[in-house]
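The structure under discussion appears below in the form of structure tokens.
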Amino acid sequence: MGSQLDNQLGLLFRLVDRVLATAQVEGAARDGCENQLRSYATKVLGSQLSHAPPADESAVLQGMRLDLEAQGRGDLMTKVLERCEKLARNSRVSTHTRVGVMQLLRQVAKDGGLSGSGGSGGISLVSLGRAIHPVASTRQDTAARPTSSQQQQLYSVSLPPSSTASRMASLNGSQAMYGADDGALDTNVRRDRSGSAGSDDTYSFTVKEPLLVRDVLYACQGINGKFTTFGDAEQRFVINPQADVPTADREQMCALMELGFLFKRVQSHLSAARAEHGAIRQALCAALGQENKDFYRFMAVLQGQATQPIPSPGDSGADAVGPYLTLRRLEVWLAEPIRRMRLMAVLADTTAGLSGGALAGAVYTHVHGHGDPFVRSYTSRMLDAVCVPLFEMIRRWVFEGQLEDPYGEFFVVKQAGAAGDASLDMWRDGYAIDAAHVPRFLSPQLASKILRAGKSVNFLQECCGDVSWVQERAMSAHAAAAAAVSIGQVEGLEKFVSDALADVDRRLISLLFDKFALAKHCDAMRRYVLLGQGDFVQALMDMAQAELGQEASAVSEISLNHIVRQAISASNAKYDDEDVIDRVRARKHKSVGGGEVGWDVFRLTYDVRGPLATLFTPSAQRAYHRVFTLLWRLKRAEADLAHSWVMLKCEVERTCAKFNKGAHGGADGALEIARRFLTLRSEMSHFCTNLQYYIMYEVMETAWREFNAQATAASDLDELIAAHDKYLDTLVTKALLGEATETLRVTLRELLENMLTLRGQVRKFSDTVRASYSKLFAARARIDSRTAAGQWGTAAGDEQIRAISASELEPLLVGVEELDRKHRKGIADFTHRLPSQAHEEVRFLLYRLDFTEFYKRSSGVADDGDEDDEDGVGGGLGGTSARATPREDGMVLG
């Protein structure tokens, strides 16, 4: 390229010297003419001539002939033909070059730049030499002819004159045009049109378009040029106001230099990025940086185009190169880069200050919030690049359970204290979702799946000890998972997560049921803690009565556990697995006040360890204990009622029969009270039995079947936990232990307390009857011994015992009637509130408790007749109260 430039310049200067020598111009005038001619020739050679060379020489000659005839100089055509024949005889000049030279001469003659003083012009070299011989006429003609800025877009500024400087300016202008020296000012030199022959010579430098193109290219890369600088106040590239640039071209340059402002904007975001901003921010900056690299390569291509000249006349097709850039061409070339850089700047500004999933979500919003296909396609590539580190975090979390997030970008976070607190529930409280960092392209369902997948992997490793399976799975799936997340495609993420989650869920459920025997331990909780193993419960109550009958402070937990082991050995529970039996424990609950006995503080617990503790959490254990407490009280009330029946039938009635043998009719009052006690006991037993049946069968068994079916069909741990929680919630709600049945439980507690009180009353009644019979038996023995000795059987001072003392029976009668009144009132209140406060299924319980509507009808009578009943209590041993007639209505005594 350099040798070609030297040859072209050498030919140009030789042509100028030949013209000056022919014209015989000497002295100072020669220097001026030489500079002017060289400048003009260089300008013409570097101009954007759009006319292609004619196809043949005859067409050019015909055009010259027409031009001369139009000027009235047709006689000069003979000389033109002679010069062309001499040029054709030169074997070193090709036809293409010869035609190009002829076209150049014709174009110069058309421009009128070298016409003679007389107004006549010619196109021959001789006439060119004559035309420039008079310096004054040349100066006049130069001032008179039109400028060529309309074709070449030339801009000028004034500089001081110098012959040497003028010569160098002409040379440097040509070199700048061909890219020989980017630092040289691309100018052409001419005399100032406002000056005169006698005044000091001044020169103006005309800035050519390639220099402006070069400044635009610099500005696009954020670099200041000769005539363009970046204004901090304007925040854009501005053109030097001293440069005489037309408005249209200035606006065109400003539009092109917007690319430089956008480039600097993106670069400022890239330079401000730090490692502590996170991996996702780094991925975005890397994607923007890669786009900038492509932009640099594109600008390098443009700069290479800018340094290439247009084809010169005489060049062969193989030697010709593409034309250099113009502002108009540059506008076409930079249209798409400006569009891309605009999008990059918008993405950089939109994501400023964001990190993690919020940053990826902002990019996603820009992708799907725009209707332009180009914008969607371009920003989708950015989104894919940004999502690569995010998807890598998801991959490691889903497959390895590792949460490596040093900069807090991931939407899965470890809860405070999850690592150090052994009592913390790893599944429920170990990890959670930070909603602020969830990308917008992840649905809540997908985010929950990702959370559960990682939690399951952690649960397998830390709670189940299944580390080997996790490692093998992570290694086998590493290649496929890495390929799936390396491209950052959002569409394939859901399938990737779902497949991984299904594998780990199957493994986890299999371990819970097979290795850790979840079904067996759930059944053990039902049989022991919920008193479903009937023979064990009966044996336990029989063996623990003596121990539990003591004060709460005197009860020993060691003794209770020994009794539990004995009860297991005395029932079919002894055939259970030793692991199950070892987990059954008796606990002494903390006493809440004075006067409590062992029955009130006794608890049966089942020790659950390992991964099963995720289901049987402390809150679940409390729910089990609440149900156990209710069932245990019902069992105790049932046992006390049974013991009361034994005392009344086996002790009181037999003793009264013996008493009547010795004193005819003396125990009739006691038998009447015994019938009152038996009637009340039957009513209490009816209530206790039906309530216990309702809880044990209609609530527990139904809930157990549903839980068993749901647990068997559960596909993941969350479904299993949900099924167990639903099971416990059903037990608590339907067993009248929920918050809505608080007042109902108070009434139920009073009813159970009345049942326990009944046993004490029956015990006191039995002691009274036995004491009276002992006195009668002792008096009979004394009489018999005296009679046998021949004495009077009855001696003075002996007590006459003919019947059980009414004073001793009166308090018992009052007590049983008061207890009966409380029980009936409690039953009426319970059945009245039951439909409104309890679950809808209690209607069956309500029907069994009062199927004859006796309590419903008698509740109003009891409220109205309380005063009369109080006056009539204890009216006599043989008296009959209206409350003592429920059996006449057919109430089942059970």
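- Listed for the Ser569 side chain is a donor-acceptor partner under 3.5 Å among the backbone atoms of Arg565.
- No donor-acceptor pair closer than 3.5 Å links the side chain of Asp640 to the backbone N or O of Leu758.
- Taking a 6.0 Å sphere around NZ of Lys764, one finds it holds 12 or fewer heavy atoms contributed by other residues, nucleotides or ligands.
- Under the 30°/60° scheme for interplanar angles, the aromatic rings of Tyr624 and His724 are found to be tilted.
- The existence of a salt bridge linking Glu701 and Arg526 is confirmed by a sub-4.0 Å separation between a basic side-chain nitrogen and an acidic carboxylate oxygen.
- Residues Arg681 and Val762 form no side-chain contact, since every pair of their non-hydrogen atoms from C-beta on lies 4.5 Å or further apart.
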Working for side-chain contact (heavy atoms from CB on, under 4.5 Å), residues Leu560 and Leu548: CA-CA 9 Å; Leu560 291 177; Leu548 297 179; 3.7 Å; yes
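- In this structure, Ile827 and His686 have side chains that are not in contact, with every pair of non-hydrogen atoms separated by 4.5 Å or more.
- Around NZ of Lys822, the count of heavy atoms belonging to other residues, nucleotides or ligands within 6.0 Å does not exceed 12.
- Residues Glu698 and Lys734 have side chains not in contact (no heavy-atom distance under 4.5 Å, counting atoms from C-beta outward).
- Using a 4.5 Å cut-off on side-chain heavy atoms (C-beta onward), Leu630 and Leu748 make contact.
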side-chain hydrogen bond (donor to acceptor under 3.5 Å, both in side chains) evaluation trace for Trp427 with Asp718: CA-CA 9 Å; Trp427 183 262; Asp718 276 339; 2.8 Å; yes
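- Nearest heavy atom pair, residue Phe616 against residue Cys522, reads CZ-SG, 3.6 Å.
- Between the side chains of Glu808 and Ser772, at least one donor N or O lies within less than 3.5 Å of an accepting N or O.
- Atom CD of Glu739 sits in a sparse spot, with 12 or fewer heavy atoms from other residues, nucleotides or ligands closer than 6.0 Å.
- Residue Glu551 places its CD atom among 12 or fewer non-hydrogen atoms of other residues, nucleotides or ligands, all under 6.0 Å distant.
- Panel note: side chain Thr702, backbone Val699; no donor-acceptor pair is recorded below 3.5 Å.
- Closest approach of Val580 and Ala524 over heavy atoms only: CG1-CB, 3.7 Å.
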Stepwise salt bridge (Lys or Arg N to Asp or Glu O under 4.0 Å) test for Asp600 and Arg636: CA-CA 10 Å; Asp600 300 323; Arg636 181 191 176 189; 3.4 Å; yes
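- Using modelled atom types and a 3.5 Å distance limit, the side chains of Glu750 and Asn754 yield no donor-acceptor pair.
- To the nearest 0.5 Å, the span separating CD on Glu672 from SG on Cys656 amounts to 11.5 Å.
- Interatomic distance, Leu731 CG to Leu737 CG, rounded to the nearest 0.5 Å: 9.0 Å.
- Between the side chain of Glu547 and the main chain of Ser556, a donor-acceptor pair closer than 3.5 Å is present.
- When all heavy atoms are compared, the tightest approach of His832 to Pro835 is O-CD, 3.5 Å.
- Considering every non-hydrogen atom in both Ala637 and Leu756, the closest pair reads CA-CD2, 4.2 Å.
- Between the side chain of Lys588 and the main chain of Ala552, a donor-acceptor pair closer than 3.5 Å is present.
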Pair Asp542-Gln538, side-chain hydrogen bond (donor to acceptor under 3.5 Å, both in side chains): steps then yes or no: CA-CA 6 Å; Asp542 293 342; Gln538 189 60 47; 3.2 Å; yes
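- Here the side chains of Arg603 and Glu557 are not in contact, with every heavy-atom distance at 4.5 Å or above.
- The backbone N or O of Ala586 lies less than 3.5 Å from a partner atom in the side chain of Asn561, making a donor-acceptor pair.
- A salt bridge links Arg676 to Glu817: at least one charged side-chain nitrogen sits closer than 4.0 Å to a carboxylate oxygen.
- For the atom pair OG1 of Thr689 and CD of Glu638, the computed distance is 5.5 Å after rounding to the nearest 0.5 Å.
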Residue pair Leu678, Glu653: steps toward the side-chain contact (heavy atoms from CB on, under 4.5 Å) verdict: CA-CA 11 Å; Leu678 287 173; Glu653 288 188 354; 3.5 Å; yes
Stepwise side-chain contact (heavy atoms from CB on, under 4.5 Å) test for Thr617 and Arg428: CA-CA 10 Å; Thr617 58; Arg428 293 178 176 85; 3.0 Å; yes
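- Annotation for Arg587: atom CZ counts as buried by contact number, over 12 foreign heavy atoms lying within 6.0 Å.
- In summary, Arg583 and Asp579 engage in a salt bridge, as defined by a charged side-chain N under 4.0 Å from a carboxylate O.
- Taking CZ from Arg452 and CG from Leu508, the interatomic distance works out to 10.0 Å, rounded to the nearest 0.5 Å.
- Here the CE-CD1 distance, from Met700 to Ile695, works out to 9.0 Å after rounding to the nearest 0.5 Å.
- Between Phe628 and Trp632, the ring planes lie parallel to each other; the angle is under 30°, not in the 30° to 60° tilted range.
- The ring of Phe830 has its center closer than 6.0 angstrom to the ring center of Phe687.
- The local environment of NZ in Lys726 is sparse, with at most 12 non-hydrogen atoms from other residues, nucleotides or ligands closer than 6.0 Å.
- In this pair, Tyr606 and Tyr528 present their aromatic rings parallel. The plane angle is below 30°, not in the 30 to 60° band.
- Under 4.0 Å is where a charged nitrogen must lie from a carboxylate oxygen, and between Glu683 and Arg824 at least one such pair does.
- Across all non-hydrogen atoms, the minimal contact from Met541 to Ala639 is CE-CB, 3.9 Å.
- Inter-residue side-chain proximity for Leu540 and Leu604 is flagged as met; some heavy-atom pair is nearer than 4.5 Å.
- The minimum heavy-atom distance linking Leu720 with Leu615 is given by the pair CG-CD2, 4.1 Å.
- Atom CD in Gln533 sits 8.5 Å away from atom CG in Asp523 (nearest 0.5 Å).
- Between Arg633 and Trp599, every side-chain heavy-atom pair lies at or beyond the 4.5 Å cut-off.
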Audit row: Thr605, His625, side-chain contact (heavy atoms from CB on, under 4.5 Å) steps and yes/no: CA-CA 8 Å; Thr605 62; His625 292 161; 3.5 Å; yes
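- Using a 4.5 Å cut-off on side-chain heavy atoms (C-beta onward), Phe536 and Asn572 make no contact.
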